[in-house]
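As structure tokens, the structure follows; a few thoughts come after it.
Treat the numbers as computed from the prediction; the structure is a model and nothing was measured.
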Amino acid sequence: MNNYLKKQKLLKRIRNVSLFVTLAAVLVFIGIQPFIVEAFGSDTVFQYVIFILVALSLGILFFYESRYSKSEKYIEDAMLEINDAGYYYTARKESNPECFAEKVKSDLIASGYKLKENVTALELDFDYSAVKGSEYLYLVTLDNVDRNDVIAYIDSAIYDLTSVKMRSKGNGVIVFVCNNANAEAIALSKSVKRIFSGKRVLKIGMAIAETESSKVYFRGNEAGVIQKLVAAFVMDCELPIDKKYIGEEKLPFQIELENNHKDFNLKDFKEGKYYER
């Protein structure tokens, strides 16, 4: 990954410099154009220079966007997953999923969220959903959570948001409150889904709260609404997250993800190799 990042950062720097130089040259040319004509009788040569600069900078911009723009966002997400704490601790003391969910619900109501209980979407049942402006939270209690549960409930929540509630922008989190979650489910907890509708983006994260271990698995190192929702209602703590709530161990999937990306290259990325989870 280091070689890729070096090339990407170098080309990004070249892109930024070329755009800045071109913009500055155009502005200067516009300002001094009358003086150039007066001094040289024509500004044709200078126009050609400006044209070459514009064409060159646009070429660099196009090359960068076509080659690195998609992978750049993917790398940012992957680095957030790799560098995040493996898990966090909740300050809540409820020892079973049902009591935990009830406490979260009362805090949501107190914070002005509109709740709907017993939500069903795509034949899956949530304990409740909560909406406040463009912030959304879905919660489901299960005894054990596996990979299939995570995928199915996320798809159901997205369907409810987009097809039932007709929401196309905002931030949401699907909360799984359980006694235990297996490793494959936990491996998905660090990922964030983005649903694009024109210029609007609906960003969906997830959090797994294990009541037996008091551990919470989610992407906690990315500042934003998802982090705020999980910290406030799942962890019951303030931002920035205090060190006492942050686990020190990395998860096995994070170590594996880092190893898989050491030799990151665009060819494998375009073939979809790195999307396998």
Original post:
Do you know which two heavy atoms are closest between Ala121 and Tyr159, and how far apart they sit?
Top reply: CB-CD2, 4.4 Å

**OP:** Measure the shortest side-chain to side-chain distance between Asn182 and Asn144 over non-hydrogen atoms and say whether it is less than 4.5 angstrom.
**Re:** no

Subject >> Any donor-acceptor N/O pair, Ser66 side chain to Phe63 backbone, under 3.5 Å >> reply: yes

**OP:** Return the minimal non-hydrogen interatomic distance between Tyr88 and Met235, and the atom names on each side.
**Re:** CB-CE, 3.7 Å

Subject >> same_hphob_cluster(Leu239, Leu108) at 4.5 Å side-chain heavy-atom cutoff >> reply: yes

Original post:
Taking C-beta and beyond as the side chain, do Arg219 and Asp77 meet within less than 4.5 Å on heavy atoms?
Top reply: yes

Original post:
Below 4.5 Å, heavy atoms only, C-beta onward: do Lys7 and Leu11 meet side chain to side chain?
Top reply: no

Subject >> Side-chain heavy atoms of His261 within contact of Met79, under 4.5 Å >> reply: no

Acceptor/donor pairs from residues 94-101 side chains to any protein atom, 3.5 angstrom cut, sequence neighbours excluded:
unit_1: Asn96; atom_1: OD1; unit_2: Glu98; atom_2: N; d: 3.1
unit_1: Asn96; atom_1: OD1; unit_2: Cys99; atom_2: N; d: 2.9

Scan the side chains in residues 22-36 for donor-acceptor partners under 3.5 Å anywhere in the protein, sequence neighbours excluded, and list what turns up.
unit_1: Thr22; atom_1: OG1; unit_2: Ser18; atom_2: O; d: 2.8
unit_1: Thr22; atom_1: OG1; unit_2: Leu53; atom_2: O; d: 3.4
unit_1: Thr22; atom_1: OG1; unit_2: Ser57; atom_2: OG; d: 3.4
unit_1: Gln33; atom_1: NE2; unit_2: Asp43; atom_2: OD2; d: 2.6

**OP:** Look at the side chain of Asp107 and the backbone N and O of Phe233, then say whether any donor-acceptor pair between them is shorter than 3.5 Å.
**Re:** no

Original post:
Is there a chain of hydrophobic side chains (I, L, V, M, F, W, Y, each step under 4.5 Å between heavy atoms) that links Tyr217 to Leu80?
Top reply: no

Original post:
Is any side-chain heavy atom of Ser156 less than 4.5 Å from a side-chain heavy atom of Glu123?
Top reply: no

**OP:** Using a strict cut-off of less than 4.0 Å between a Lys/Arg side-chain nitrogen and an Asp/Glu carboxylate oxygen, indicate whether Lys116 and Asp160 qualify as a salt bridge.
**Re:** no

Original post:
Are the side chain of Glu81 and the backbone N or O of Gln254 linked by a donor-acceptor pair below 3.5 Å?
Top reply: no

Subject >> Nearest atoms (heavy-atom pairs only) where Arg167 meets Gly133 >> reply: NH1-O, 2.9 Å

Subject >> Residue pairs involving residues 240-250 (criterion side chain to side chain donor-acceptor pair (under 3.5 Å); sequence neighbours excluded) >> reply: Tyr87-Glu249

Original post:
Are the aromatic rings of Tyr4 and Phe269 close, with centres under 6.0 Å apart?
Top reply: no

Original post:
Side chains of Lys165 and Ser129: does their closest heavy-atom pair fall under 4.5 Å?
Top reply: yes

**OP:** Could you check whether the rings of Phe126 and Tyr153 sit parallel, tilted or perpendicular, using 30° and 60° as the cut-offs?
**Re:** perpendicular

Original post:
Does a side-chain heavy-atom distance below 4.5 Å link Arg15 with Leu61?
Top reply: yes

Original post:
Counting only N and O atoms by type, is there a donor-acceptor contact under 3.5 Å from the side chain of Asp84 to the main-chain atoms of Gly220?
Top reply: yes

Subject >> Donor-acceptor under 3.5 Å (Lys132 side chain, Ser111 main chain) >> reply: yes

**OP:** Report yes or no: does Thr211 contribute a side-chain atom to a donor-acceptor pair with the main-chain N or O of Cys178 at less than 3.5 Å?
**Re:** yes

Subject >> Lys169 atom NZ: more than 12 heavy-atom contacts under 6.0 Å >> reply: no

Original post:
Considering all heavy atoms of both residues, which atom of Ser189 and which atom of Ile208 are nearest to each other, and what is their separation?
Top reply: CB-CD1, 4.2 Å

Original post:
Taking C-beta and beyond as the side chain, do Lys105 and Tyr128 meet within less than 4.5 Å on heavy atoms?
Top reply: yes

Original post:
Does a sphere of radius 6.0 Å around NZ in Lys203 hold more than 12 heavy atoms from other residues, nucleotides or ligands, not counting ones at 6.0 Å or beyond?
Top reply: yes

**OP:** Compare every heavy atom of Lys103 with every heavy atom of Ser106, then report the nearest pair and how far apart it is.
**Re:** OG-O, 2.8 Å

